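Worksheet for the structure shown next.
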Amino acid sequence: MEKTYQPQAIEGKHYQRWESNEWFKPSGQGDSYCIMIPPPNVTGSLHMGHAFQQTIMDALTRYHRMKGCNTLWQTGSDHAGIATQMVVERELAREGKTRHDLGRETFIDRVWQWKEQSGGTISSQMRRLGDSVDWTRERFTMDEGLSNAVREVFVRLYDDNLIYRGKRLVNWDPVFHTAISDLEVENKEEQGSLWHFRYPLADGATTADGKAYIVVATTRPETILGDTAVAVNPDDERYQSLIGKFVDLPLLGRRIPVVADDYVDSEFGSGCVKITPAHDFNDYEVGKRHGATLVNVLDQDAKILHAAEAYTYDGKPIEEFNGALPEGYGGLDRFDARKKIIADFEALGLLDSIKDHSLMVPRGDRSDAVIEPWLTDQWYVSAKPLAEPAIKAVENGDIQFVPKQWENTYFSWMRDIQDWCISRQLWWGHQIPAWYDADGNVYVGRSEAEVRSKYSLDASLTLTQDEDVLDTWFSSALWTFSTLGWPEREDLVKTFHPTDVLVTGFDIIFFWVARMMMMTLHFIKNDDGTPQVPFKKVYVTGLIRDENGQKMSKSKGNVIDPIDLIDGIDVDDLVAKRTSGLMQPKLAAKIEKMTRKSFPEGMASSGTDALRFTLASLASQGRDINFDVKRLEGYRNFCNKIWNAARYVLMNTEGQDCGQNGGEVELSLADRWISSRLQGLEQDVERHYTNYRFDLMSQALYEFIWNEYCDWYLELSKPVLWDENASAEVQRGTRRTLVRVLEALLRLAHPIMPFITEEIWLSIRDLAAREGDTIMLQPFPKADPAKIDAAAEADIEWVKGVIVGVRNIRGEMNIAPGKPLPVLFQKGSDEDKRRLSENENFLKTLAKLESVTWLEENDEAPVSATQLVGQLKVLVPMAGLIDVAAEQARLTKALEKTSKELAKVEGKLNNENFVSKAPDEVIAKEREKADGYAHSVRELEQQLEQLAALK
RNA sequence: AGGACUAUAGCUCAGUUGGUUAGAGCGCUACCUUGACAUGGUAGAGGUCUCCAGUUCGAAUCUGGAUAGUCCUACCA
C-alpha cells in the first residue's frame, strides 16, 4: 500500500469494475428493496443537494444489498420541458435562428440530438460519486415506455372525468410563452407605487362628500384598459349610494358598474377597487360574482392588443363586444403602456396621487420575468378527488415522513389543493393526446386511430392534435411505476413496487412527492384491490447551504461543485468558474473577492469517500445544512487514518499466520475487548440505519475507528506482537483479531465510503479468510451478543485509566514523553492487583514505564505525583523529576473540580424530596458517585498536605 | 397576516423517551519526527446550553412568554 491515501488513484478503477460486472443489478434473490432516484433534470449537473441525497440513497442501497436484499436503485432523468427547450433555443439563437425557423418536428429532433450529446453530464458525475444505480435500467421521461405511461394515464384520467379543459386565468410567462404552475412562481417583495386615479361618475352621480368622481388605487395602471367594474365594500358609508350606479372609464369611454363586494377592504387605499377580471385572480372571482365581462387586453408577450377581446365565464367569446382601445396603445409593452396610462390620466387631470408602495411581484422562477395572469385554454387535473386517498395514506401511516414534522406541511397543502394546470405551451414534452375537429370538438385517446374508433369518427373527418405538451411533473408523477415498465410489465411492478423509501428535499414535496402519491394511489392497486402507495417512507433531507447559511446560487457566486471537492480546484479556476456566465456581470468583482477570501488556496482534493462521509455526518434532522469545507478536511484526514491503520495491520499480518487456516488461538484482553466493542458498534449502526440517522452512524464509525480501534487497540496490539516471548497462540489471536475487526469495520463503513473500503478489503480479504470479488456483495456485519464481554471492557477501562493517569502526570509535569518512569501502586484492591499483574506488559509499553511496583498495606511510599484510578493510587516518585509547586497546582485543580462535583451530588442527596421521589437506581448511582468523589477529595487533600510538609 | 423551524465552545454542528464531569470537526495553547499515520501523537484552554417565568426531587431536554434569525403559505387592489 502507498504510504499516504490517494483517493484519485483508487476510485475510478473500482467503479468501472463494479459497473462492468453488473453488480449494481438486483440479485434476483431475497426480499426486494427499491429506491427510485428523484430524476435529475436532463440539463442539470451535479450539485451539492444531489451529492447529499445520492450519498444517502447509495448508502441505503449498498446496505440493503449487503444484507442480502434483491436491491434496485432505479436511476434516470426527466426531460425538463422549459429548461431543455431554453437550452436548445439559446443554441439556435447563436446560429441566428428560432425554433419557428426549424418547425416543430425538426426542433424536437434537435433537442434529442442535444440530449444524446450533452444530456449525460449528470450520469457521469454520478459515477464519480460511486452511486450503485442499475445503469442497465436507466430511464428518461421521454422514453417510449414512459411516454406510453403518460398517454395511458392522461386518457384514463380524462375518461374518469379527472382531467378537463377550460379557459381560465393562468400564470403566464411572457418570455417563455407558456403557462407555469403557481409553484413555479416566486413572489418577491419589490418597491413600486400605488397610483390613485379618478374615475368620473356617470349620470351626474356624486359621492357622499359631493365629488363627481371616485378614486381607485392600483399598482398596475395598464390593466385599466381591461376594467369592467369598480367594487366597494357594501358597508362602506362613503360609497353606499353609488352601488348600482356607473362610472365612465376614462380613455375608453366604457360605462362600468359600481358593485358591492365583501372582498373590498374599506381601509386600504381609497376603498374602491377597479375590477379587471381577465388580468387578476382576485378580480376574476369578484367579476364572476357580479357578471363583469372578462376583457383581455394583452397578447402572449404581455404587450397591449390592438383590440381587446371579451369573454364570458364559460370561455365563450363575446362577438358583439367593442374592443377598440385608445390610440397609441396597440403593440405597446405592458410597462410602456403603464407609463402612457399614467401620462394620459395626468393630462386629463385624473391622476389623483402617487404613493410609494412595496408589493409582492410574481416572477417566473426560470425566466425571472414578471408573471402575468392571462386568460387561456388549458388542461387541468381535478386535484381534490385524487388528494383524498393521498391524505389518508399519510394519516393511516401507509406512508410515513421522516422527520415526521413534514407531514404537517404536506397536509396543509393537500387539504387546500387547487386544480393542477398540466398543459404547457412548449414543443418539448409529451404532446397532449387530444384531437380537435374543425368545430373545436375534443376527442381524447391514446392515438388518432384510437380516437377515431373510440368516438366512431368518419375517416374523412380532419383531426388535429392539441399543440400543447404536458407539464414535466406530470410524467415525473408516474416515476415509481412508469420506470418499472407500467402498464406493459406488471411483473416488475409486483416485485419492486411499492418502493421502500423516497429520499428528497422538502422543496419538492408539493411539486413531486404529493403528485406521485396521488397518481400512484389512483393507478396502482394492491392484490386486494386497495390503492397502492408509491413508497412507504419519505426521508426528507435538509437543504445544503453555504457555510454562512446562504442558499447556494450562481448569482451569489457561492456554489460549490461536489466534483471540485473530490478533485480539488485552484483558486483561479474557482473564481473563473463562479464568475463566468453570470446574469449580472457586474457581480463578478464581488464574487471574486468573496471567493478569494473564503478559499485563498482553492479547494484541496478530498476524494469521494471523504465527501460522502462528510455529507452523511451532516444528515441530521434539521431543515438547513450549512456546508463547511473545514468539516470535509477533517474527514479526509479520517480516510487517511483508516488507510494508515490498514497499513499497520498489513505490515503486521501479511505473510504471517492470522489464523486463516485454523490453529489454536488465545485471545488477549485487548482482543476480547475490541471484539466486544465491535458488537456494540454493529448494533448502533444497525439502529441508525433504521432511524435514518446517518449523522449518528458516521459519528459512531468515526469514534470507534479513531478513538478505539486506532488509538487503543492498535497500540495494545503492539506489546503482543513485539513480545518475543509471546506464544504463537496469543500472537495468532491478536493478528486474527487485528485483521478481522478491520475487515468488519470496512464492511460497516462500505455503504458510506465505498472506494477506500473496497481497496483495503481486497488486500486483506485473504488474511481475514473471506472469499469474494468485492466487498459490495459481502454480508453486512451483524452483532453477535455472545462476543459481548463486559469483564474485558471493564478491565480495559482500568488499563486506560492507569495509562491516561500516567500520561496526565507526564503532560502536566512536562516530563519528556520518551522518559521511562517508575510507577508505584498503592491502596489497591485484589481486583486492582489482578488487573495489574495481568496487564503489566500493556502498561509498560503504552505508558512508557520503567518499572511497576505494587505496595502492600504497610509499605512506605516515597513522595510522588499522584493519580487516582477509582480507589487505586498511581504514584510517580518525584525525586529529581517533578516540581513540587507544579504538582500542587495540578492536584489543586483536580481537587477543585472534584469538590465541585461532590458538592453538587451531596446537595442532591441531602434533598429529602430527591431521596423520597427519585427512582432507587438514580439514587444509588448518585450515592456511588458521592462516595467516589469523597474518597478522591480525601486522597487529594492528603496528598497536598504531604507536599506542603515538604516545603 | 397565519404557520413552521432554529437559537448549545471562536466557527460549523450533535446531544435519542428529563438524571452525562454537556460532545465532535475545524480553530487555539504547550510538548513530541516514538518502528501505521505530522492528513499524526500526548496533554490542555474554552460553554451561567439566547433571555424570563413555570412544571418537576431534578431542565440543554417539557410548557408558556420575550428576543433574534430563517423559511413556507396567503396576500390590500
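Keep in mind that this is a model prediction, so the values were computed, not measured. All chains are named by letter (A, B, ...) in the order of the sequence lines, taking the proteins before the strands, and each is independently numbered beginning at 1.
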At 4.0 Å (heavy atoms only), tell me whether A:Tyr635 reaches a base, stays on the sugar-phosphate, or touches nothing. nothing

As its Watson-Crick or G-U partner within any shown strand, both distances under 3.5 Å, B:C71 has B:G3

To the nearest angstrom, the CD-C1' distance between A:Glu703 and B:G23 comes to 8 Å

How would you label the contact of A:Asn626 with the nucleic acid (heavy atoms, under 4.0 Å): base, sugar-phosphate, or nothing? sugar-phosphate

Heavy atoms only, 4.0 Å cut-off, all strands: where does A:Leu696 land among base, sugar-phosphate and nothing? sugar-phosphate

If you measure from the P atom in B:A66 to the same atom in B:G3, how many Å do you get, rounded? 12 Å

Starting from the 5' end of RNA chain B, give me the residue, A:Gln699 or A:Lys848, whose nearest nucleotide shows up first. A:Gln699

Separation of the P atoms in B:A36 and B:U21, to the nearest angstrom: 37 Å

The answer to which of A:Asp416 and A:Lys897 contacts RNA chain B further toward the 5' end, by nearest nucleotide, is A:Lys897

Answer with base, sugar-phosphate or nothing: what part of the nucleic acid does A:Glu186 contact at a heavy-atom distance below 4.0 Å? nothing

What do you reckon, do A:Phe638 and the base of B:G25 stack, with centroid distance below 5.5 Å and planes below 30°? no

Any Lys/Arg nitrogen of A:Lys925 or A:Glu928 sitting under 4.0 Å from an Asp/Glu carboxylate oxygen of the other? no

Spacing between A:Trp712 atom CH2 and B:G41 atom P, to the nearest angstrom: 13 Å

Taking atom P in both B:U70 and B:G27, what distance in whole Å separates the two? 30 Å

Taking C-beta and beyond as the side chain, do A:Ser353 and A:His196 meet within less than 4.5 Å on heavy atoms? yes

Pairwise C1' distance, B:U61 and B:U50 [rounded to whole Å]: 16 Å

Whole-Å distance separating the CG atom of A:Asn644 from the C1' atom of B:G41: 13 Å

Please give, in whole Å, the distance from B:G15 P to A:Leu618 CG? 13 Å

Inspect the contact between A:Asp628 and A:Lys630 and indicate whether a charged nitrogen and a carboxylate oxygen are less than 4.0 angstrom apart. no

How far, in whole Å, is B:G44 from B:A22 if one measures between their P atoms? 15 Å

Looking across every strand, which nucleic acid part, if any, lies under 4.0 Å from A:Asp628 by heavy atom: base, sugar-phosphate, or nothing? sugar-phosphate

Within the structure shown, what part of the strands sits under 4.0 Å from A:Arg693 by heavy-atom distance: base, sugar-phosphate, or nothing? sugar-phosphate

In terms of side-chain heavy atoms of A:Ser620, which of B:U21, B:C13, B:A36 is nearest? B:C13

Below 3.5 Å, does any donor atom in the side chain of A:Arg623 face an acceptor in the base of B:U70, or the other way round? yes

With a non-hydrogen cut-off below 4.0 angstrom, is A:Lys630 in contact with a base, only sugar-phosphate, or nothing? sugar-phosphate

Which value, in whole Å, describes the distance between the C1' atoms of nucleotides B:G19 and B:U39? 40 Å

Rounded off to whole Å, could you give me the CG-to-P distance for the A:Asn408 and B:C72 pair? 17 Å

For residues 3-10 of chain A, which side-chain N or O atoms pair as donor and acceptor with protein atoms under 3.5 Å away, sequence neighbours left out?
none

Whole-Å gap separating C1' (B:G10) and CZ (A:Arg631): 16 Å

Under 4.0 angstrom, heavy atoms only, what part of the nucleic acid is A:Lys904 near: base, sugar-phosphate, or nothing? nothing

Say we look at B:U42 and B:A9: how far apart would their P atoms be, to the nearest angstrom? 26 Å

Rounded to the nearest Å, what distance is computed from the NZ atom of residue A:Lys917 to the P atom of nucleotide B:G18? 18 Å

Give the rounded distance in Å between these two atoms: NZ of A:Lys893 and P of B:U21. 19 Å

Thinking salt bridges, do A:Glu222 and A:Arg334 make one under a 4.0 Å N-O criterion? no

What's the gap between B:U48 and B:U6 when it is taken at their P atoms, as a whole Å value? 23 Å

Tell me whether A:Arg687 is salt-bridged to A:Asp684, with the criterion being a basic N under 4.0 Å from an acidic carboxylate O. yes

Just call it for A:Trp706: base, sugar-phosphate, or nothing, with non-hydrogen atoms closer than 4.0 Å on any strand. sugar-phosphate

Taking 4.0 angstrom as the limit, do A:Lys800 and A:Glu797 come out as a salt bridge? yes

